[in-house]
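For clarity, every value in this text was computed on a predicted model and none was experimentally measured. Residue numbers start from 1 in every chain, and the chains themselves are labelled A, B, ... in the order their sequence lines are given, proteins ahead of strands.
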Protein chains: 2
Amino acid sequence: MRKTNSTNAINEKTLSRLCSTAHTLSVIGGRWKPTILWCLLDGKMRYHELKKSIKGVSERVLVLQLRELESDQLVKRIIYPEVPPRVEYELTSLGKSLEPLLNQMASWGALHKKKTQPARELEPAGVN
Amino acid sequence: MRKTNSTNAINEKTLSRLCSTAHTLSVIGGRWKPTILWCLLDGKMRYHELKKSIKGVSERVLVLQLRELESDQLVKRIIYPEVPPRVEYELTSLGKSLEPLLNQMASWGALHKKKTQPARELEPAGVN
DNA sequence: CCGTATCCAAATAGATACTG
DNA sequence: CAGTATCTATTTGGATACGG
């Protein structure tokens, strides 16, 4: 009759899923991480290409996010010992394994926007 | 031969998905939002039950996150005009529609942890 | 070209006393 | 009970000059 347990406290299964969800968010939740991941799903890119593609990100932050993705093993950093230097960023298989999740997030986000922001173009200019 | 286009700039489709992904993250990405959502997936709860279930959250922050979830229409707030006051929080259908996504996030998070943190229990106590 | 170092701003989270 | 009001701390992001 009761659901989960008498006090509605978080049960073990929920706790474990919660922890895993939080972990996922900590990995992909950075300000530019989804952008970077979407970029790299199209194929490997050099640092400067990323910088150009991702408008508005500063060098410091871009590098920070890349380093985090790297230490989370989503991104591989390949350094070619040349002059001038060349560095390529590429998704690891773990990184590529995010694609379905990112797609689902995109789908849900689109749905949510449609449901919560019904038909903007029908309201001409916003009176107040 | 070329992929997407010549300069590897973000194309329209990627841009749209990126935007939707960012939107999803802005909705569920708060510090306690996944916790709250997992709780409410088990059923409606009163404010104080949430407060007790979610250890470590302060009142201010809990209310803030609930208000954001409410204004994003994931959570319904039901006020009973009684003394003492009673308020229940419940997922809307839009909130419930997050369940598959949260499940997938949990699955990916668990997988990622397994791949990046191999077999903790094999290292006895951590020497350094 | 590919960053790092430094400094700064903004957003987010937290503790806690108080109120209808 | 269910919050709000303050105040503070921490975390995150940003601009930009400089270095290997």
Side-chain angles (χ1 to χ4, degrees), chain A residues 7-9 18-19 21-37 39-40 44-72 74-90, chain B residues 7-9 18-19 21-37 39-40 44-72 74-90:
Chain A
T7 59
N8 247 341
L18 167 55
C19 174
T21 307
H23 182 73
T24 300
L25 280 173
S26 82
V27 168
I28 64 172
R31 173 73 179 81
W32 299 99
K33 285 181 185 175
T35 313
I36 294 170
L37 292 169
C39 277
L40 292 181
K44 68 172 91 156
M45 287 177 86
R46 297 178 63 170
Y47 172 78
H48 215 106
E49 289 180 302
L50 281 169
K51 180 82 175 63
K52 276 185 305 178
S53 292
I54 304 175
K55 292 176 200 325
V57 70
S58 71
E59 304 210 327
R60 190 188 86 101
V61 171
L62 177 57
V63 169
L64 274 177
Q65 306 260 306
L66 283 167
R67 291 294 183 281
E68 288 180 14
L69 291 172
E70 193 189 352
S71 81
D72 285 330
L74 301 193
V75 161
K76 225 175 328 188
R77 181 157 161 265
I78 306 158
I79 306 160
Y80 297 88
E82 304 173 356
V83 183
R86 182 157 63 103
V87 174
E88 283 178 349
Y89 293 90
E90 185 178 11
Chain B
T7 57
N8 246 343
L18 167 55
C19 174
T21 307
H23 182 73
T24 300
L25 281 173
S26 81
V27 168
I28 65 172
R31 172 75 180 79
W32 300 99
K33 284 182 186 176
T35 313
I36 294 169
L37 292 170
C39 277
L40 294 182
K44 67 174 89 158
M45 288 177 84
R46 298 178 62 169
Y47 171 79
H48 214 110
E49 289 180 303
L50 282 168
K51 180 80 177 61
K52 276 186 306 179
S53 293
I54 304 174
K55 291 174 201 326
V57 70
S58 72
E59 304 210 330
R60 191 188 84 101
V61 172
L62 178 56
V63 170
L64 274 177
Q65 306 260 308
L66 283 168
R67 291 295 184 277
E68 287 179 17
L69 290 172
E70 194 189 351
S71 80
D72 285 331
L74 302 191
V75 162
K76 225 175 328 187
R77 183 158 161 264
I78 306 158
I79 307 161
Y80 297 87
E82 303 172 356
V83 184
R86 182 158 63 103
V87 174
E88 284 179 349
Y89 291 91
E90 184 178 11

*Give the C-alpha distance, both sets of side-chain angles, the deciding distance and a yes or no for side chain to side chain contact (heavy atoms under 4.5 Å, CB included) between A/Leu62 and A/Ile36.*
CA-CA 9 Å; A/Leu62 177 57; A/Ile36 294 170; 3.9 Å; yes

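- Under a 3.5 Å cut-off, the side chain of A/Ser26 and the backbone N or O of A/His23 do form a donor-acceptor pair.
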Dump every N/O contact between nucleotides 11-20 of chain C and the protein below 3.5 Å, one line per pair.
from	atom 1	to	atom 2	distance (Å)
C/dA13	OP1	B/Arg31	N	2.8
C/dA13	OP2	B/Gln65	NE2	3.0
C/dA13	N7	B/Arg60	NH2	2.8
C/dG14	OP2	B/Trp32	NE1	2.7
C/dG14	N7	B/Arg60	NE	3.3
C/dG14	N7	B/Arg60	NH2	3.4
C/dG14	O6	B/Arg60	NE	2.7
C/dG14	O6	B/Arg60	NH2	3.2

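- D/dT4 atom P lies 11 Å from atom CG of B/Leu62, rounded to whole Å.
- Atom CD of A/Glu49 is separated from atom C1' of C/dG3 by 16 Å (rounded to the nearest Å).
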*For A/Glu90 and A/Ile78, what are the C-alpha separation, side-chain angles and deciding distance, and is it a side chain to side chain contact (heavy atoms under 4.5 Å, CB included)?*
CA-CA 8 Å; A/Glu90 185 178 11; A/Ile78 306 158; 3.4 Å; yes

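- We find that CD of B/Glu88 is positioned 13 Å from C1' of D/dC1, with the value rounded to whole Å.
- OP1 or OP2 of C/dC2 has at least one side-chain nitrogen or oxygen of A/Arg46 nearer than 4.0 Å.
- Look at B/Tyr89 and you won't find any side-chain N or O under 4.0 angstrom from OP1 or OP2 of D/dC1.
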*Does the side chain to side chain contact (heavy atoms under 4.5 Å, CB included) test come out yes or no for B/Leu66 and B/Leu50, once each step is laid out?*
CA-CA 10 Å; B/Leu66 283 168; B/Leu50 282 168; 4.0 Å; yes

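- Comparing the helix axis at one end of the helix from C/dC1-D/dG20 to C/dG20-D/dC1 with that at the other, each defined from 5 consecutive pairs, gives an inter-axis angle of 50° (nearest 10°).
- Counting to the nearest Å, the P atom of D/dA2 and the CD1 atom of B/Ile54 are 14 Å from each other.
- In this structure, the side chain of A/Gln65 engages the main chain of A/Trp32 through a donor-acceptor pair within 3.5 Å.
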*asked:* Test side chain to side chain contact (heavy atoms under 4.5 Å, CB included) on B/Val87 and B/Arg77; report intermediate values, then the result.
replied: CA-CA 7 Å; B/Val87 174; B/Arg77 183 158 161 264; 3.8 Å; yes

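- If you take CG of A/Leu66 and P of D/dG13, they are 13 Å apart, rounded to a whole angstrom.
- Here B/Tyr80 lies out of heavy-atom contact (under 4.0 Å) with every strand.
- With sequence neighbours left out, A/Val63 forms a side-chain contact (heavy atoms from CB on, under 4.5 Å) with A/Tyr47, A/Arg67.
- One interatomic measurement links the two molecules: CG of A/Leu50 to P of C/dC1, which rounds to 14 Å at whole-angstrom precision.
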*A/Glu68 and A/Lys33: salt bridge (charged side-chain N to carboxylate O under 4.0 Å, His left out), yes or no, with the steps?*
CA-CA 9 Å; A/Glu68 288 180 14; A/Lys33 285 181 185 175; 2.7 Å; yes

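- Rounding to whole angstrom units, CZ of residue B/Arg77 and C1' of D/dC1 are separated by 12 Å.
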*Can you list the steps and then say if B/Glu88 with B/Arg86 is a salt bridge (charged side-chain N to carboxylate O under 4.0 Å, His left out)?*
CA-CA 7 Å; B/Glu88 284 179 349; B/Arg86 182 158 63 103; 3.3 Å; yes

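- Protein atom CD1 of A/Ile78 is 13 Å distant from nucleotide atom P of C/dC2, rounded to whole Å.
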